[in-house]
Amino acid sequence: GGISDLRNSLSTTDNARVRALLASTLIEGLRVDFAAYRDAADEIDDLVRDPAQRAMFLRLLADGLQESGDTVAAFRAYLGFAGESITEPVRDGEGDERLVRPDRWILGRLTDLYSQADESVKEELDELMASTTASAVQAGNVSQLRDLSVMLPSAVDTQHLRLALVDHLDSENNVSEIELQLLQLLGSEDRDVRSGATARLLKLYLDEGLTNPVPALAAQLAGPFADQKCLDGLTGAELLTDWEGDAKRQAVLHPPAVWPMGHVEVDDSRRRSLPQYYAVERLGPVSGMLRGWSFFLDPNRNRLLAFDEQGADRWDVPIGQSPRGSQPGSGDVRCVRTLGRLVLLVTNDEFFVIDALAEQGKPRVLVSDQLFRPEDQANTFMSTIQIRIRGARGNVPGGGLRNQFRVNRVDGRVNGNVGPLLAGGLVYQQGSTIHAVDPLTGNEFWERESPEVPAGAEIMADDEFVVLWPQDRDTVI
């Protein structure tokens with residue numbers, strides 16, 4: 001038949017098109033009749049080269065094994081997703097229109113299998129996870145470690161796995177990811193994890209020459225973790241002593257005073273009038289890295305200016321560049337949020353995630369998007385309004401973005417909103433569609449479209465849940 005002909009052809013000449021066609025045919029066989037094509041799994045695994053095709057194969061194999069009751073084999077197949085760099089959202093099930101994060105979808109499947117297994121099978125699954133993670137750590141496989149750290153069931157301690165991930169990431173090219181991972185681990189209830197994260201984060205900042213967050217972290221190593229082994233077998237106190245012996249790190253640990261401490265003579269002969277700047281409100285927790293920073297709009301309200309804790313002008317970025325950016329007030333900023341070295345800037349029409357510590361004067365925009373639907377671009381009848389929100393809930397930590405929205409004068413639609421800046425994802429709204437993206441890369445984790453989602457809803461979120469509070473309702477979604 002056709003499959004035999006394809007196999008014969010491939011055995012003669014390794015043709016990429018024939019290989020892909022044979023793989024596609026066998027994968028379709030798995031979908032239609034899993035029992036009949038199950039034995040072809042090893043052959044398919046060897047044939048597949050395309051990431052999307054491989055993702056389909058792994059999913060059909062794992063689902064088929066789970067439905068046939070082979071728990072351990074299904075568990076192993078789902079673990080096979082780790083390291084495959086599958087970033088595109090997947091459907092939650094056949095006929096389901098919901099798009100979900102692939103790592104969270106796998107987490108759900110693994111959790112179901114583990115929770116339903118009896119004790120003897122759980123022991124096998126524990127051994128399988130232990131061997132898989134140990135192999136990933138030993139190989140220093142960053143992609144696999146990154147995936148395993150978020151897709152293993154809650155019964156598994158993944159925090160030490162995330163420390164291993166940090167140790168294998170390239171600090172020059174992945175500094176933002178390293179920082180976000182360690183900032184999350186600072187809140188661990190595990191003392192070993194917390195001390196390890198503190199030491200690694202302080203070492204990162206010392207090597208970057210960043211003085212702002214150093215005192216608080218150094219105090220932790222000198223105090224609660226002084227006798228705790230934190231990194232490379234050394235205690236907090238031993239690490240500080242070691243770093244004091246390095247001239248570059250010592251200079252960061254003990255920077256010279258920035259502001260004069262004694263009598264100051266003021267020469268007001270050079271006094272001059274300065275342009276009027278407009279302060280931008282910062283919401284939510286203040287990043288230790290950017291403590292003391294301030295943000296302003298320039299007199300024309302078309303650039304955001306950033307000043308560090310010493311008052312130095314660090315950078316500026318243009319705003320109001322969306323298709324409706326030429327309208328008066330379109331560049332107005334709703335707020336700024338910070339997380340580590342990241343700055344979330346939200347204007348009336350768009351948002352940006354900025355690496356605030358990129359080369360001075362050259363901020364790096366990591367992610368940006370518009371807060372209105374593409375079909376609304378041509379609509380020029382927009383104005384800014386104030387919506388009175390009950391209880392000033394825009395000020396609630398982790399809550400939304402105050403009470404200012406862009407409104408379409410014709411039909412009353414308001415632009416979308418943006419949720420808090422989180423290491424696990426950034427949630428924002430366009431029309432009736434909610435998007436969740438990686439704040440470092442912009443890769444979309446999932447999207448959800450529903451007429452039940454009104455534009456302008458306040459967005460509250462953490463790494464597990466998203467809550468929408470429409471401005472005209474007393475109930476949340």
Side-chain angles (χ1 to χ4, degrees), residues 23 26-27 30-31 34-35 37-48 51 53-87 90 92-93 100-169 181 184-185 188-190 192-193 196 424 463-464:
L26 293 174
I27 289 172
L30 272 181
R31 188 187 71 81
F34 179 80
Y37 284 84
R38 174 176 177 173
D39 292 340
D42 290 341
E43 181 182 4
I44 299 172
D45 188 43
D46 183 59
L47 289 170
V48 171
Q53 194 176 52
R54 183 164 186 79
M56 176 62 72
F57 159 61
L58 289 172
R59 176 169 185 168
L60 289 173
L61 176 63
D63 286 353
L65 290 169
Q66 183 174 3
E67 291 174 5
S68 64
D70 195 338
T71 299
V72 176
F75 204 91
R76 182 180 291 107
Y78 284 123
L79 287 178
F81 275 86
E84 292 295 332
S85 300
I86 299 171
T87 58
V90 299
D92 195 29
V100 299
R101 288 176 56 165
D103 54 358
R104 296 302 173 92
W105 171 77
I106 295 166
L107 169 62
R109 298 302 177 97
L110 291 175
T111 300
D112 286 345
L113 284 171
Y114 192 87
S115 62
Q116 294 169 13
D118 58 35
E119 291 304 315
S120 61
V121 174
K122 281 184 178 178
E123 291 181 6
E124 291 187 66
L125 299 182
D126 289 337
E127 292 176 2
L128 179 57
M129 287 188 287
S131 63
T132 301
T133 55
S135 175
V137 171
Q138 183 176 5
N141 189 324
V142 168
S143 295
Q144 193 175 17
L145 287 170
R146 186 182 284 124
D147 289 343
L148 288 171
S149 67
V150 293
M151 65 173 53
L152 293 180
S154 58
V156 180
D157 176 16
T158 60
Q159 294 183 334
H160 288 86
L161 196 61
R162 290 165 64 186
L163 284 178
L165 168 62
V166 165
D167 290 339
H168 285 94
L169 283 168
Q181 289 281 0
Q184 288 182 297
L185 292 174
S188 172
E189 295 181 0
D190 186 320
D192 290 338
V193 171
D463 288 335
E464 294 187 50

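Atom set for the values below is all heavy atoms of this structure, side chains included, hydrogens, waters and symmetry mates excluded. What you see is a predicted model; the values in this text were computed from it and never measured.
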- Item | L107 side chain reached by V150 side chain, heavy atoms, under 4.5 Å | no

- Query: Counting only heavy atoms not in M129, do more than 12 sit closer than 6.0 Å to its CE atom?
  - Reply: yes

- Residues passing the side-chain contact (heavy atoms from CB on, under 4.5 Å) test with V48, sequence neighbours excluded, are A23, I27, I44, Q53, R54

- Item | Which residues share a side-chain contact (heavy atoms from CB on, under 4.5 Å) with D42, sequence neighbours left out | none

- For L113 and A74 the tightest heavy-atom approach is CD1-CB, 4.0 Å

- Task: Starting from the C-alpha separation in whole Å, work towards a yes-or-no answer on side-chain contact (heavy atoms from CB on, under 4.5 Å) for T158 and L148.
- Result: CA-CA 8 Å; T158 60; L148 288 171; over 6 Å; no

- Item | side-chain contact (heavy atoms from CB on, under 4.5 Å) partners for S188, two or more places apart | Q159, D190, V193

- Residues pairing under salt bridge (charged side-chain N to carboxylate O under 4.0 Å, His left out) where one sits in residues 136-152, two or more places apart or in two chains, turn out to be R146-E177

- Query: Any idea which heavy atoms bring A117 and K122 closest together, and the distance?
  - Reply: O-CE, 3.4 Å

- Note on the structure: Separation between CG (L110) and CG (D103), nearest 0.5 Å, reads 11.0 Å

- Message: Please check this pair: side chain of T132 against backbone of L128, looking for a donor-acceptor N/O pair closer than 3.5 Å.
- Response: yes

- Rounded to the nearest 0.5 Å, how far does CG of L79 lie from CE of M151? 8.0 Å

- Query: Shortest non-hydrogen contact from R162 to S149?
  - Reply: CG-CB, 3.4 Å

- Taking the side chain as C-beta and beyond, is there a heavy-atom pair between F75 and L65 under 4.5 Å? no

- Task: Taking the side chain as every heavy atom from C-beta outward, state whether L26 and Y37 have any atom pair closer than 4.5 Å.
- Result: yes

- Task: Would you mind listing every side-chain hydrogen bond (donor to acceptor under 3.5 Å, both in side chains) that reaches into residues 62-77, with sequence neighbours excluded?
- Result: R38-D70, D63-Y78, D63-R109, Q66-Y78

- Just how far is it from atom CG of L58 to atom CG of D45, taken to the nearest 0.5 Å? 7.0 Å

- Just grab all the side-chain hydrogen bond (donor to acceptor under 3.5 Å, both in side chains) pairs involving residues 111-120, residues at least two apart or on different chains. Y114-D126, D118-S120

